[in-house]
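In listed order, ligands and their atoms are each counted from 1.
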Amino acid sequence: MTAPAALVTGGATRLGRFFVETLAVAGYDIALHYNSSEAPAEEVAVKVRAQGRDCETFQCDFERDDPSALIAEARERFPGLAVLLNSASAYAPAPIAKTDMALLEQQFRVNLFAPFMLIRGFAESVEEGCVVNIIDNKVVRNQYPYAAYLLAKKSLDELTRMAALEFAPKIRVNAIAPGVVLPAETRSSDYLDWRVEGIPAARQGRPEHLGQALLYLLDNPFVCGQTLFVDGGESVNSVGRHSENYPG
Ligand SMILES: NC(=O)c1ccc[n+]([C@@H]2O[C@H](COP(=O)([O-])OP(=O)(O)OC[C@H]3O[C@@H](n4cnc5c(N)ncnc54)[C@H](OP(=O)(O)O)[C@@H]3O)[C@@H](O)[C@H]2O)c1
């Protein structure tokens, strides 16, 4: 029997790598996409193979290339392709006032256009399957310091519901909106303390919390077109930080 396989974008590093390892443990062979992290991608592939699953790496720069061919390549290598996990992301914080055309285009190409074309190609080429888009819990706010990034992620959130409608029942499309899990290495501990103060669950998330959400979305056939916020309630905290001091 053909083993089920998952195409994971941005699977060589950080959360993408964790998703790859989670899916491999769950029994999926892995088509591992990377852009610049060739050596880490190979390292992850070796680890997955050591776990008894098949793994192949695929390079594509979403900023420059049309990613459509990636689906065909992955499908040829893994006929059991059943999952598309859009995790790759470009994160360039800048307010509108500092966003030029090049930055806007880069953020949209990587964070929206690539998942769009991959979903389209995936839906065309598999009999049935699941797409999971990794978004960001900041989509519920209008944090202008991340203008282009956030607008692209907000669109990916909408695309999740739109694609879910277009491709159901053959393909289920869902999303995960992580909160603070693995902050960028440039983030200060002050930033982290500040974020955690506004999280009702009073903690930073762990990659395992996202892994559990991923397997839930893949395994539950009655969940379709949903964005699952895995953020300790940060996105529903409209009162804001220091809520105990809220002037009621
Ligand atoms: N980390 C968090 O706590 C957090 C919070 C909220 C949302 N998220 C979302 O969760 C996902 C994973 O987070 P992360 O922090 O692990 O992401 P990340 O480190 O920012 O980037 C993930 C991957 O994106 C790939 N990538 C970047 N530019 C690319 C391009 N031009 N073409 C193709 N691939 C490109 C990189 O591949 P290479 O290394 O091969 O170049 C990298 O491995 C992202 O969608 C992110 O927005 C994360």
Protein contact of [atom] - nearest heavy atom, named by residue and atom, plus distance:
| atom | value |
| --- | --- |
| atom 37 (O) of ligand 1 | N35 N, 3.9 Å |
| atom 25 (C) of ligand 1 | A88 CB, 3.8 Å |
| atom 41 (O) of ligand 1 | S36 OG, 2.6 Å |
| atom 32 (N) of ligand 1 | F62 N, 2.8 Å |
| atom 23 (C) of ligand 1 | G10 CA, 3.8 Å |
| atom 39 (O) of ligand 1 | S37 OG, 2.5 Å |
| atom 15 (O) of ligand 1 | R14 NH2, 2.8 Å |

D61/R64 ion pair, N-O < 4.0 Å: yes
Residues R17, E21: salt bridge by 4.0 Å N-O rule: yes
Would you mind running through ligand 1 and noting each atom that sits below 4.0 Å from a heavy atom of [X]?
| X | answer |
| --- | --- |
| L182 | 1 (N), 2 (C), 3 (O) |
| V181 | 3 (O) |
| G179 | 3 (O), 5 (C), 6 (C) |
| S87 | 11 (C), 12 (C), 44 (C), 45 (O) |
| H33 | 33 (C), 34 (N) |

Options [options], ranked by nearest heavy atom to [atom], top entry:
| atom | options | value |
| --- | --- | --- |
| atom 16 (O) of ligand 1 | L156, V139, L15, V8 | L15 |
| atom 22 (C) of ligand 1 | G16, S89, A184, A12 | S89 |
| atom 43 (O) of ligand 1 | I176, V180, T13 | T13 |

Sub-4.5 Å side-chain heavy-atom contact between L151 and Y146: no
Beyond-backbone contact of D231 with I199, side-chain heavy atoms, under 4.5 angstrom: no
Protein non-hydrogen atom found under 4.0 Å from atom 6 (C) of ligand 1: yes
Ligand 1 contact on [X] by region, counting heavy-atom pairs under 4.0 Å:
| X | answer |
| --- | --- |
| E38 | neither |
| K153 | side chain |
| I134 | both |

Ligand 1 contacted by [X] (non-hydrogen, < 4.0 Å):
| X | answer |
| --- | --- |
| F18 | no |
| A177 | no |
| C60 | yes |
| I135 | yes |

With only distance considered, is [X] within less than 3.5 Å of ligand 1 through an N or O on each side?
| X | value |
| --- | --- |
| A90 | no |
| V110 | no |
| D61 | yes |
| Y34 | no |

Taking everything shown except [X] itself, do over 12 heavy atoms lie less than 6.0 Å from its [atom1]?
| X | atom1 | result |
| --- | --- | --- |
| Y91 | OH | yes |
| Q59 | CD | yes |
| I96 | CD1 | no |
| E38 | CD | no |
| K170 | NZ | yes |
| F58 | CZ | yes |

R187 to Y191, cation-pi by 6.0 Å centre distance and 45° axis angle: yes
Donor on one side chain, acceptor on other, N133 and K153, under 3.5 Å: no
Residue pair S68 / D66, side-chain donor-acceptor N/O under 3.5 Å: yes
Residue of the set N137, I176, D136 for which side-chain contact (heavy atoms from CB on, under 4.5 Å) holds with F229: N137
side-chain contact (heavy atoms from CB on, under 4.5 Å) against E124, all qualifying residues, sequence neighbours excluded: R120
Any donor-acceptor N/O pair, R172 side chain to L217 backbone, under 3.5 Å: yes
